Amino acid sequence: MNENIRWYRSLYLGEGARDKKHILNKLEGGLHPRLYLLVLPSNRSNVLELLPQPVLSQAHYKKIPLYVVGAAWTKREAMELAGRIVMDAYRITGKTDVAAYLGDDFLEHPEMSDGKLYREWEPRTGEAGKDKDVM
């Protein structure tokens, strides 16, 4: 895994990426083109960058620090998650500056308290005992 990766303490996870341990195992275990990481941009003209996991093996990405704020299993899910992050930033700060909203709450190694994060999708029991996904 890229030694320059810093992880947002309250990592955003897409619906298909509920388990942080599974994500980390996939990052260390080879190429997974469906896995996307959402990172703070390398330039100020972008809000977020969506990186497919295989690009992390390129020399360029091994040299620069990456601040991972989220993970998703498909490009579509990554785009939806990026929208959610930007909307959270706007709702709280009135601006779309995600970096300012998240602050400097990044860790060298992700926390693994119980594999659960407060920003995950959580199943909710609906009518007749059926589970419904909610954010």
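It should be emphasised that the depicted structure is a prediction, and the values quoted were computed from it without experimental measurement.
Checked by atom type and distance alone, the side chain of E15 never pairs as donor or acceptor with a backbone atom of E77 at under 3.5 Å. Judged purely by atom type and a 3.5 angstrom limit, N4 uses its side chain to pair as donor or acceptor with the backbone of K62. Checked by atom type and distance alone, the side chain of N43 pairs as donor or acceptor with a backbone atom of S45 at under 3.5 Å.
Counting heavy-atom neighbours within 6.0 Å of Y67 OH, excluding the residue itself, gives a total of 12 or less.
Annotation: side chain of V98 is in contact with side chain of V86 (closest heavy-atom distance under 4.5 Å). Side-chain atoms of Y36 and L51, non-hydrogen and from C-beta on, never get closer than 4.5 Å to each other. In this structure, L37 and Q53 have side chains that are not in contact, with every pair of non-hydrogen atoms separated by 4.5 Å or more. Residues P65 and R6 have side chains not in contact (no heavy-atom distance under 4.5 Å, counting atoms from C-beta outward). Contact check for L38 versus V68: no side-chain heavy atoms found under the 4.5 Å cut-off.
Between the CZ atom of R84 and the CZ atom of R91 there is a distance of 9.5 Å, given to the nearest 0.5 Å. To the nearest 0.5 Å, atoms OG1 (T74) and CZ (R34) are separated by 6.5 Å. Going from atom OH of Y101 over to atom CD1 of I92 covers 5.5 Å, rounded to the nearest 0.5 Å. Atom-to-atom distance recorded for L13:CG and L11:CG is 4.5 Å, nearest 0.5 angstrom. The CG atom of D97 sits 9.5 Å away from atom CG of L40, with the distance rounded to the nearest 0.5 Å. We find the CG-OH distance between L66 and Y61 to be 7.5 Å, quoted to the nearest 0.5 Å.
Electrostatic pairing of E80 and R76 counts as a salt bridge here, judged by a charged N lying under 4.0 Å from a carboxylate O.
Judged purely by distance below 3.5 Å, without hydrogens or angles, the side chains of Y12 and D88 pair a donor atom with an acceptor atom.
The minimum heavy-atom distance between Y8 and V69, with the atom names listed, is CB-CA, 3.8 Å. The shortest non-hydrogen separation linking A71 to L81 is O-CD2, 3.5 Å.
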Next on the checklist: Does L48 form a side chain to side chain contact (heavy atoms under 4.5 Å, CB included) with I85? I'd like the steps, not just the answer.
Outcome noted: CA-CA 9 Å; L48 282 171; I85 295 169; 4.1 Å; yes
